[in-house]
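What follows is one structure encoded as structure tokens, with my remarks underneath.
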Amino acid sequence: MARPRTFDEDDVLLAARDQFWSTGYATTSIDDVMAATGLGKGSIYGAFGDKHQLFLRVYSVHCAGLVASVRRALEGPDAGAYERLGQHVHAVARGSAGADRRGCLLANGNAELSGRDPAVAQIALRTFDELEELLAGCIVQSQRHGDIEAGADARQLAALLLAVLRGAEALGKAGRNEASLTSVADAAMAMLPRGLERRV
């Protein structure tokens with residue numbers, strides 16, 4: 001009979017995530033994961049599989065959490081949609097200037113692995129699609145309220161914002177400061193075509 005687990009799975013996944021986030025997939029060994037989580041090799045393999053399976057689990061959970069966080073930031077009534085959109089764009093820009101310069105785990109994993117790992121590529125693409133959908137939904141709400149031009153293509157604007165935010169994260173990892181990235185966020189919001197009544 002198998003012994004019951006004596007560890008919290010969520011805590012282990014967080015510790016493993018931070019290890020992969022800090023050192024990347026290729027240079028993270030199972031010994032590194034063992035040291036980060038406090039688990040033995042048998043416990044890791046028994047609960048999560050090999051290093052690749054563990055990374056896919058970590059990456060998937062992280063990306064789902066990212067989407068959920070953005071959803072919480074953007075959801076609400078039409079009347080405040082434009083303000084929520086602006087707050088989100090600026091929050092991502094400010095957060096991208098973090099001192100540790102680890103960058104975004106979604107972007108890091110995608111850049112390192114998606115070219116040779118279809119499973120990582122699939123998770124990354126799905127996450128980008130979901131983020132774009134959330135941005136588009138908030139833009140549509142802003143259009144209904146008259147804050148963004150009604151005839152504008154909401155999906156196209158969402159794709160533009162997503163590209164800007166992904167770029168801001170890359171710039172932050174390279175060392176751009178908060179003031180520089182805030183300026184990028186300001187420019188991104190200024191590119192959105194305002195509704196007629198909001199132009200005055």
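Quick caveat, the model's predicted, so the values are computed rather than measured.
A donor-acceptor contact shorter than 3.5 Å links the side chain of H90 to the backbone of G86. The backbone N or O of G65 lies less than 3.5 Å from no partner atom in the side chain of S69, so there is not a single donor-acceptor pair. Proximity of a side-chain donor or acceptor of R84 to a complementary backbone N or O of C138 within less than 3.5 Å is not detected. Looking at K173, its side chain never comes within 3.5 Å of a backbone N or O of S96 through a donor-acceptor pair. Of the possible polar contacts, none joining the S43 side chain to the L39 backbone as a donor-acceptor pair under 3.5 Å is found. Of the possible donor and acceptor atoms, one in the side chain of Y59 sits under 3.5 Å from a partner among the backbone N and O of L106. A distance-only check finds no donor-acceptor pair linking the side chain of S180 to the backbone of R176 [under 3.5 Å]. Between the side chain of Q143 and the backbone N or O of A152, at least one donor-acceptor pair lies under 3.5 Å. A donor-acceptor pair under 3.5 Å is formed between the side chain of T127 and the backbone N or O of I123. Using a distance-only test at 3.5 Å, with no hydrogens or angles considered, a donor-acceptor pair links the side chain of W21 to the main chain of G103.
With rounding to the nearest 0.5 angstrom, the OG atom of S142 is 5.5 Å from the CG atom of D147. With rounding to the nearest 0.5 angstrom, the CE atom of M189 is 10.0 Å from the CE atom of M191. For the atom pair CG of L157 and CD of E149, the computed distance is 9.0 Å after rounding to the nearest 0.5 Å. Atoms NE2 and CG, on H145 and D78 in that order, are 7.5 Å from each other to the nearest 0.5 Å. Atoms OG and CZ, from S22 and R17 in turn, are 9.5 Å apart once rounded to the nearest 0.5 Å. The structure places CG of L161 at 11.5 Å from CD of Q156, a figure rounded to the nearest 0.5 Å.
Take Y82 and apply the ring-ring contact (aromatic ring centres under 6.0 Å, His included) test, not counting sequence neighbours, and it matches no residue.
Other residues, nucleotides and ligands contribute only 12 or fewer heavy atoms inside 6.0 Å of the CD atom of Q122.
Under the 4.5 Å side-chain criterion, counting only non-hydrogen atoms from C-beta, V120 is not in contact with E112. N177 has its side chain out of reach of L181: every pair of non-hydrogen atoms, C-beta onward, lies at least 4.5 Å apart. Here the side chains of F20 and K51 are in contact, with some heavy-atom distance below 4.5 Å.
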Please determine whether side chain to side chain contact (heavy atoms under 4.5 Å, CB included) holds for the pair N108 and Y25, giving the CA-CA distance in whole Å, both sets of side-chain angles, and the decisive distance to 0.1 Å. CA-CA 9 Å; N108 293 351; Y25 176 79; over 6 Å; no
Run the side chain to side chain contact (heavy atoms under 4.5 Å, CB included) check on L54 and L13 step by step: do they pass? CA-CA 8 Å; L54 174 60; L13 289 173; 4.1 Å; yes
Evaluation steps, side chain to side chain contact (heavy atoms under 4.5 Å, CB included), between T27 and D32: CA-CA 9 Å; T27 57; D32 293 329; over 6 Å; no
Quick one: do R71 and E130 satisfy side chain to side chain contact (heavy atoms under 4.5 Å, CB included)? Show the steps, please. CA-CA 9 Å; R71 181 177 289 109; E130 290 173 344; 5.7 Å; no
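Between A158 and I139, the shortest heavy-atom distance links the atoms N-CD1, 3.6 Å. Heavy atoms only, all atoms of each residue included: Q141 and A81 are closest at CB-CB, 3.5 Å. Nearest heavy-atom pair, V58 versus A16, reported as atom, atom and distance to 0.1 Å: CG2-CB, 4.0 Å. Between T182 and R94, the shortest heavy-atom contact is OG1-CG, 4.0 Å.
The hydrophobic clustering, which links ILVMFWY residues whose side-chain heavy atoms are closer than 4.5 Å, places I148 and L134 together. Under the 4.5 Å side-chain contact rule for hydrophobic residues, L135 and V67 share a cluster. Note on L66: it clusters hydrophobically with F55, by side-chain heavy-atom contacts below 4.5 Å among ILVMFWY residues. Using a 4.5 Å cut-off between side-chain heavy atoms of Ile, Leu, Val, Met, Phe, Trp and Tyr, with links allowed through other members, L160 and L192 fall into different hydrophobic clusters. L131 and V140 end up in different hydrophobic clusters when Ile, Leu, Val, Met, Phe, Trp and Tyr side chains are linked at under 4.5 Å.
With salt bridges taken as basic N to acidic carboxylate O contacts below 4.0 Å, one links E9 and R57.
In summary, the side chains of N110 and S114 do present a donor paired with an acceptor at a separation below 3.5 Å, with no hydrogens or angles considered. Side-chain atoms of D50 and H52 form no donor-acceptor pair, as typed in the model, at a separation below 3.5 Å.
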